[in-house]
Amino acid sequence: MSRRRVPAYRQRAFTLLFLTVFLSTAFERVETYLQINPIDASWYNTLEMIMGSLFFLAHLGSAFAYLFYIMSVLDIYYPVRSLKGFLLLRLGYAIGFFAIIINFFSPILFYYSPDGAYHRGRFLYIFYVIASYYIFYGIVLIFKYKHLMRLKTAVIITSYILLVYAGIILQYLYPTFLIENFFNTISITFIFITLQNPSEMVDETLNILNRKAFMEGLDLKTKRNSKHNTIFVTIDNVRAISSEIGYMKGLGVLKRIAKYLKNVGFKEFGLTTYTYRYSEYVFAITVHSDDEAKVKALMYKISYRLHEPWKHDGMAIRVSGHCFLMSYPRHYFSSAELITKVDLVTEDIAEIHSPVFDIDSINFIQLKKERDYDNLARDNLEAKKIVIKFQPFLSKIYKINYNADVVGYLRDEVGNEIDMRGRIPERTVTQTLMDADEYVFRRACRALAFWNAGDKNGKYRAVVAMSQGEISKTDFVKRVKRILREEKADGSWVSIKLTETTLTTMNTIAERNIKMLKDIGCYIIVDKFGSGYGDLEKILSLPVMQVNIDSSVLRAAAESEDMKKVAQGIVNLFHDISIFVCATDIMTKYDMEMAESLGCDYLIGDYLCAPIKDSSYVNFIDAYFDEG
């Protein structure tokens with residue numbers, strides 16, 4: 001009936017129960033043998049007393065272990081050093097232990113006559129009272145949390161009590177009928193049935209508990225409203241390691257990491273921990289402690305070790321990973337909420353530089369919205385429902401010209417248009433969003449080809465935003481050329497808009513692609529200048545035609561005369577190097593007046609003209625000039 005050993009709370013509790021029953025049986029057998037075969041020797045009664053004492057301690061220990069097992073089934077844990085843990089669990093056993101010591105000097109519990117016969121003392125009932133406390137406390141837990149236990153488990157664990165008490169009563173009435181420990185043995189065999197099948201609860205590859213085991217324990221804790229802490233550890237370069245050194249060697253590195261995570265809590269801080277494989281590259285470590293300082297110290301210890309080389313098969317492997325702490329109920333209220341949040345965090349965690357990630361720094365509501373937008377964009381792409389709108393520029397010379405920003409609107413399930421501007425942060429780049437960028441670019445080229453009627457020098461122009469992920473593709477320029485060719489558009493009609501941060505942090509592939517765009521007449525517009533990390537040297541080295549000053553610069557200029565001088569200096573600087581300046585996000589009359597006073601060449605914003613559909617855009621421009 002042996003099963004593969006993994007560090008599981010329930011298995012440890014069952015092991016303790018099995019060990020105490022085995023020892024009590026063994027010590028009772030030795031004591032019985034000594035009673036039946038008395039020896040005329042000075043050590044005889046002492047040995048008999050030792051065996052009897054050990055039997056009582058082990059027998060009382062089986063009652064304690066029974067309660068411990070019920071707690072493990074319900075995933076209840078009291079820290080060893082806490083006052084509550086001592087009073088509820090260890091005080092009774094401590095009383096029994098000291099009573100046994102006193103019994104050696106004064107027979108208050110039991111004693112043996114010179115012929116080896118056993119005699120009960122007047123205070124022997126103390127042991128039965130303590131044992132009954134453990135038994136009945138276990139029953140209380142079973143009935144209190146019966147909705148959290150399987151019926152089979154509750155019935156079998158309850159039957160343990162009936163068997164034990166039947167054995168005690170029979171042996172009390174018939175002292176020579178040694179049936180008590182036989183009943184104990186039968187009862188723990190039944191309890192063994194309540195252990196889960198390891199194939200269901202264990203990751204056989206790494207020999208640790210799996211996600212199912214983690215979720216079962218998590219459900220029990222959250223349904224009992226029990227405070228608990230879980231450290232999540234991500235191994236971000238699992239696939240890279242496997243492709244570099246081979247799958248089997250990569251698996252060997254994961255096994256070393258799993259083995260370390262299983263033992264580090266107790267080894268370093270004396271904490272009881274259980275390690276689970278939450279997903280392919282994420283481990284979850286539940287920590288049985290209310291001391292949050294210790295839990296955080298353990299998390300930092302793991303993060304430091306994680307980034308040291310892992311030696312395997314004669315190689316030193318570098319691992320890239322992160323740690324973060326999730327606490328109940330501070331960070332989540334249900335298992336479903338935890339799963340959602342962990343998935344949100346781990347999706348982009350490889351991009352985070354700090355090895356320990358502060359979960360409190362995340363706005364999960366906003367992050368979930370971003371993921372929802374990503375899913376919405378995917379649905380819109382599949383159904384080709386994205387609405388393309390054009391927002392005209394205001395020029396200080398012509399007031400309105402033929403340049404326009406191209407904006408993609410998504411449709412929700414009831415057909416409402418959703419403006420995506422500013423909803424997804426720059427760092428969030430998914431394949432879906434990159435596909436949406438390309439879709440908007442294609443539709444803009446199609447509209448320009450129609451309006452300009454094939455005239456290469458046509459007057460209509462458009463600006464399309466692109467993400468760093470899109471321009472970093474090795475075939476980016478080839479894709480742009482293909483779209484221009486298929487839509488019969490000219491590269492000079494379209495400008496690519498990149499944020500300041502994207503431009504200054506781009507990789508060498510993206511930089512090469514941008515320079516190649518100049519060959520087809522396509523120029524770059526730097527967006528949100530003043531909000532990120534500017535790099536004038538890079539702006540000068542690339543085909544930048546225009547810089548869009550971020551709205552925060554305008555707001556700051558309106559509030560401070562010094563900031564107005566700084567903003568004026570920025571505008572003059574770009575004018576000196578023949579780069580146009582545009583003020584974006586003009587939302588009020590004061591924004592417009594400030595932008596004009598700074599000498600911006602172009603203005604754009606909803607105050608001037610909200611984005612309009614392509615079917616109305618040309619009519620709007622023509623009507624404006626007809627009226628002029």
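Any value given below was found using the heavy atoms of this structure, including those in side chains, with hydrogens, waters and symmetry copies removed.
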Should K296 and N229 count as side-chain neighbours, where that means a heavy-atom distance under 4.5 Å?
no

Would you call the rings of F14 and F18 parallel, tilted or perpendicular if under 30° counts as parallel and over 60° as perpendicular?
tilted

Kindly say whether S72 contributes a backbone atom to a donor-acceptor pair with the side chain of R12 at under 3.5 angstrom?
no

Side chains of L254 and I241, heavy atoms from C-beta outward: is any pair under 4.5 Å?
no

Determine the minimum heavy-atom distance between E28 and F55, stating which atoms define it.
CB-CD1, 3.7 Å

Side-chain heavy atoms of I245 within contact of V253, under 4.5 Å:
yes

With rounding to the nearest 0.5 angstrom, report the CD to OH distance, Q11 to Y69.
9.0 Å

How long is the straight-line distance from CZ of R211 back to CD of E216, given to the nearest 0.5 Å?
14.0 Å

Is the backbone N or O of S334 less than 3.5 Å from a side-chain atom of Y328, with the two atoms forming a donor-acceptor pair by type?
no

Considering residues, nucleotides and ligands other than K301, do more than 12 of their heavy atoms fall under 6.0 Å from its NZ?
no

Does NZ or CZ of R120 lie under 6.0 Å from the centre of the six-membered ring of F110, at an angle within 45° of the ring axis?
no

State whether the side chain of S24 and the backbone N or O of A58 hold a donor-acceptor pair below 3.5 Å, judged by distance alone.
no

Evaluation steps, side-chain contact (heavy atoms from CB on, under 4.5 Å), between R10 and M201:
CA-CA 11 Å; R10 195 177 299 184; M201 311 297 283; over 6 Å; no

So Y145 and I76, do their side chains get closer than 4.5 Å, heavy atoms only?
yes

Intermediate values then yes/no, side-chain contact (heavy atoms from CB on, under 4.5 Å), L261 and T273:
CA-CA 9 Å; L261 295 177; T273 62; over 6 Å; no

Checking side-chain contact (heavy atoms from CB on, under 4.5 Å) between C323 and each of S303, P355, S354, which is the one that passes?
S303

Mind checking the CD1-CD1 spacing from I95 to I100? Nearest 0.5 Å is all I need.
13.0 Å

Any side-chain heavy-atom pair of R305 and W310 under 4.5 Å:
yes

Going by heavy atoms in the side chains, are K227 and P329 under 4.5 Å from each other?
yes

Nearest 0.5 angstrom please: L23 CG to H59 NE2, how far?
13.0 Å

Polar side-chain atom of H288 near backbone of L271 as donor-acceptor pair, under 3.5 Å
no

Closest heavy-atom pair, G265 versus L298, reported as atoms and distance to 0.1 Å, is CA-CD1, 3.8 Å

Is there a side-chain contact between L206 and K259, using heavy atoms and a 4.5 Å cut-off?
no

Which heavy atom in S289 sits nearest to a heavy atom in D291, and how many Å separate them?
OG-N, 3.1 Å

Could you give the distance from CG (L60) to CZ (F56), rounded to the nearest 0.5 Å?
10.0 Å

Does any donor atom in the side chain of Y112 or Q35 lie under 3.5 Å from an acceptor atom in the other side chain?
no

Check whether any side-chain heavy atom of I302 sits under 4.5 Å from a side-chain heavy atom of I285, and report yes or no.
yes

Aromatic ring proximity, centroids under 6.0 angstrom, F214 and Y278:
yes

Please check this pair: side chain of R224 against backbone of L148, looking for a donor-acceptor N/O pair closer than 3.5 Å.
no

Partner of F324 under side-chain contact (heavy atoms from CB on, under 4.5 Å), chosen from I231, V233, T346
T346

Can you tell me how far the NE2 atom of H147 sits from the NZ atom of K223, to the nearest 0.5 Å?
7.5 Å

Distance only, no hydrogens: is a donor on one side chain within 3.5 Å (strictly under) of an acceptor on the other, for D115 and S113?
yes

Step-by-step side-chain contact (heavy atoms from CB on, under 4.5 Å) determination, F232 to L338
CA-CA 11 Å; F232 287 90; L338 174 72; 4.1 Å; yes

Output yes when a side-chain donor or acceptor of T222 lies under 3.5 Å from a complementary backbone atom of D219, and no otherwise.
yes

Pair I108-I126, side-chain contact (heavy atoms from CB on, under 4.5 Å): steps then yes or no:
CA-CA 10 Å; I108 59 173; I126 292 175; 5.6 Å; no

For Y133 and L88, indicate whether the former's side chain and the latter's backbone hold a donor-acceptor pair under 3.5 Å.
yes

Taking D203 for the side chain and R277 for the main chain, is one N or O donor matched with an acceptor at less than 3.5 Å?
no

How close do L74 and L141 get, counting heavy atoms only, and between which atoms?
CD1-O, 3.9 Å

Determine the interplanar angle of the F64 and Y93 rings, folded into 0 to 90°, and report it as parallel if under 30°, tilted if 30 to 60°, perpendicular if over 60°.
tilted

Is the count of non-hydrogen atoms from other residues, nucleotides or ligands lying under 6.0 Å from D358 atom CG greater than 12?
yes

Considering all heavy atoms, the nearest F127-A99 contact
CE1-CB, 4.5 Å

Check the angle between the aromatic planes of H119 and Y111 and answer parallel, tilted or perpendicular using the 30° and 60° thresholds.
parallel

Heavy atoms of other groups near F104 CZ, more than 12 under 6.0 Å:
yes

Could you label the plane-to-plane angle of the Y304 and Y300 rings as parallel, tilted or perpendicular, counting under 30° as parallel and over 60° as perpendicular?
tilted

Tell me whether N237 contacts the main-chain N or O of S320 through its side chain, where contact means a donor paired with an acceptor under 3.5 Å.
yes

CZ of R239: more than 12 outside heavy atoms within 6.0 angstrom?
no

So which atom in L17 and which in A65 form the shortest heavy-atom distance, rounded to 0.1 Å?
CA-CB, 3.4 Å

Are the side chain of Y44 and the backbone of L34 linked by a donor-acceptor contact shorter than 3.5 Å?
yes

